[in-house]
Protein chains: 2
Amino acid sequence: MRRDIFQAIADPTRRAIMILIAVQAMTPNTIAENFHTTRQSVSKHLRILTECELVKQEQQGREIYYSLQIEKMKEIDIWLDQFRKLWETRFNQLDKVLSTMKKQKK
Amino acid sequence: MRRDIFQAIADPTRRAIMILIAVQAMTPNTIAENFHTTRQSVSKHLRILTECELVKQEQQGREIYYSLQIEKMKEIDIWLDQFRKLWETRFNQLDKVLSTMKKQKK
DNA sequence: TGTTTAAGAAACCGTTCGGTTGCAAATATA
DNA sequence: TATATTTGCAACCGAACGGTTTCTTAAACA
C-alpha cells in the first residue's frame with residue numbers, strides 16, 4: 001500500500017484527471033462526467049492522488065473540490081534532472097553529434 | 001500488455017536500473033549483481049524498458065550490453081511542460097488578481 | 001568435441017491494480 | 001422531519017504485475 005508519485009502518474013486516467021483539475025478545481029461528480037467512467041472509480045483515483053499529496057481537497061458544503069498540488073510535480077522534475085544533465089552534455093560532444101548525423105542519414 | 005513510458009518508470013527497481021545504465025552500458029548479470037535480485041528478474045525489467053524504447057541493446061559476443069536511450073526521457077519532460085507552465089505563471093497570478101480587483105473597484 | 005557461461009522464453013504463484021456494486025455518513029431541500 | 005444529493009468506504013472480481021523456477025539457445029573455451 002506504499003503510495004509513490006511515480007506509481008500515481010502511471011495510470012492514464014489519473015494523468016487525465018491531473019490535467020483536468022490543474023487549471024480549475026472540480027468535484028468528483030464533475031470529473032467523472034468529463035470521462036467515460038463512474039464516480040466511484042474517479043473517487044478511488046483521487047484517493048491515490050491525495051495519498052501522495054498530488055491533489056488537495058477543499059470542502060464546500062456537501063461538495064468537495066479537488067485541485068492539483070502543482071508544487072509536488074517538481075519532484076518528478078528533480079528526478080528527471082539527473083538525466084537531463086546527461087542528455088545535455090551528450091549533445092555538446094562533437095563525436096556524439098556526428099554519430100547522430102550518421103543515424104539520420106540512414 | 002500495452003507498454004507505456006509512465007508505467008515503465010513506476011517501478012523503483014526499473015528506475016534504479018535506468019540510473020545505473022545511464023552512464024555506462026551493462027550486461028544483465030552485472031546489473032543484477034548491483035542489486036539484490038536475480039538475473040531473470042532484471043531480464044524481465046529490461047524487456048519492459050526495451051519495449052517502450054527506454055533502453056537499447058548491443059550484442060558483443062554472447063554478452064548483451066544494455067544502455068539508456070536518453071532521448072526517450074524527453075517525452076516525460078514534454079509531458080511535465082504543461083504543468084511547468086502553470087507553476088511558473090503562478091507567480092504572475094497575484095498580479096492578475098490585483099488588476100482584476102482594481103477593475104472591479106472601478 | 002564436450003563443457004561452461006550468458007541470456008531469453010515459458011510456466012507458475014502470490015500480490016496488487018482498476019473497476020463495479022452496495023452501503024453508510026453528511027449536507028441540502030421540501 | 002422526511003427526502004434527495006454528494007461523497008467516501010468496504011467487499012468483490014478479473015486482469016496485470018513482479019519474482020522464481022525451469023528449459024532452451026548461442027557463444028566462448030578446454
Side-chain angles (χ1 to χ4, degrees), chain A residues 1-21 24-69 72 76 79, chain B residues 1-21 24-69 72 76 79:
Chain A
M1 202 64 75
R2 271 198 136 290
R3 294 298 175 197
D4 181 301
I5 191 173
F6 292 99
Q7 203 194 350
I9 64 166
D11 186 78
T13 308
R14 276 198 289 272
R15 288 200 302 277
I17 290 174
M18 286 168 67
I19 293 172
L20 196 63
I21 63 172
Q24 190 181 4
M26 278 187 179
T27 65
N29 261 327
T30 319
I31 295 168
E33 281 166 14
N34 277 274
F35 303 107
H36 305 293
T37 182
T38 59
R39 179 191 62 78
Q40 281 87 347
S41 174
V42 169
S43 190
K44 260 197 169 185
H45 285 304
L46 286 171
R47 186 167 161 265
I48 291 169
L49 290 170
T50 307
E51 272 176 16
C52 55
E53 298 169 343
L54 264 171
V55 147
K56 61 169 181 265
Q57 39 187 304
E58 201 175 332
Q59 187 110 19
Q60 223 164 27
R62 67 182 163 187
E63 289 177 335
I64 301 175
Y65 283 86
Y66 285 88
S67 59
L68 192 69
Q69 199 122 35
K72 193 74 177 179
I76 303 167
W79 176 76
Chain B
M1 203 65 77
R2 267 203 134 284
R3 294 298 176 195
D4 180 299
I5 192 173
F6 292 99
Q7 203 194 350
I9 64 166
D11 187 78
T13 308
R14 275 197 290 272
R15 287 202 302 276
I17 290 175
M18 286 168 67
I19 293 173
L20 196 64
I21 63 173
Q24 191 180 4
M26 278 188 179
T27 64
N29 260 326
T30 319
I31 295 168
E33 281 166 14
N34 277 273
F35 304 106
H36 304 293
T37 182
T38 59
R39 180 191 61 79
Q40 281 86 347
S41 173
V42 170
S43 190
K44 262 195 166 186
H45 284 304
L46 286 171
R47 187 167 160 262
I48 290 169
L49 289 170
T50 308
E51 273 176 15
C52 55
E53 297 169 342
L54 266 170
V55 147
K56 61 169 180 268
Q57 39 187 303
E58 200 175 332
Q59 187 110 20
Q60 223 164 28
R62 65 181 165 188
E63 289 176 335
I64 301 175
Y65 282 86
Y66 286 89
S67 59
L68 193 68
Q69 199 121 38
K72 193 73 177 179
I76 303 167
W79 175 77

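In what follows, every chain begins at residue 1, and chains take the letters A, B, ... in the order their sequences are listed.
Contact check, B:Thr38 against D:dT20: a side-chain N or O comes under 4.0 Å of OP1 or OP2. OP1 and OP2 of D:dT7 both lie 4.0 Å or more from every side-chain N or O belonging to A:Arg47.
A pairwise comparison of heavy atoms in A:Gln57 and A:Thr50 identifies NE2-CG2, 3.7 Å as the closest pair. Shown here for A:Gln7 and B:Ala10, the closest heavy-atom pair between the two residues is CA-CB, 4.1 Å.
Comparing C:dG19, C:dT16, D:dG18 by their nearest atom to the side chain of A:Ser41 picks out C:dG19. Distances were taken from every side-chain heavy atom of A:Thr13 (C-beta onward) to each of C:dA7, D:dG18, C:dG19; the shortest belongs to C:dG19.
Distance CD (A:Glu58) to C1' (C:dT27): 17 Å, rounded to an integer number of Å. Rounded to an integer number of Å, the gap from B:His45 NE2 to D:dT20 C1' is 12 Å. If you measure from atom CD of B:Glu33 to atom P of C:dA7, you get 10 Å, rounded to the nearest angstrom. Whole-Å rounding puts the B:Leu49 CG to D:dG18 P distance at 10 Å. Here the P atom of nucleotide C:dA7 and the CD atom of B:Gln60 are 11 Å apart, to the nearest Å. Rounded to an integer number of Å, the gap from CD1 of A:Ile9 to P of C:dC17 is 15 Å. As rounded to whole Å, 14 Å separates atom P of D:dT6 from atom CD of A:Gln59. Between A:Phe35 atom CZ and C:dG18 atom C1' the separation is 15 Å, expressed in whole Å.
Environment of CD in A:Gln59: crowded, with over 12 heavy atoms of neighbouring residues, nucleotides or ligands closer than 6.0 Å.
At least one donor-acceptor pair under 3.5 Å links the side chain of A:Arg15 to the backbone N or O of A:Ile9.
By the 4.5 Å heavy-atom criterion applied to side chains, A:Asp4 and B:Pro12 are not counted as neighbours.
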Subject >> Criterion side-chain contact (heavy atoms from CB on, under 4.5 Å) on A:Tyr66 and A:Met26, from CA distance to verdict >> reply: CA-CA 5 Å; A:Tyr66 285 88; A:Met26 278 187 179; 5.9 Å; no
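The base of D:dT22 is paired with the side chain of B:Gln40 by a donor and an acceptor separated by under 3.5 Å.
Where A:Tyr65 and A:Lys44 meet DNA chain D, the nucleotide closest to each residue was compared, and A:Tyr65 sits on the side nearer the 5' end.
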Original post:
When you check every protein heavy atom under 4.0 Å of nucleotides 1-6 of chain C, what one-letter string (B, S, -) results, 5' to 3'?
Top reply: ---BBS
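For the salt bridge (Lys or Arg N to Asp or Glu O under 4.0 Å) test, residues two or more places apart in sequence or in another chain that qualify with A:Lys72 are A:Glu53, A:Glu75.
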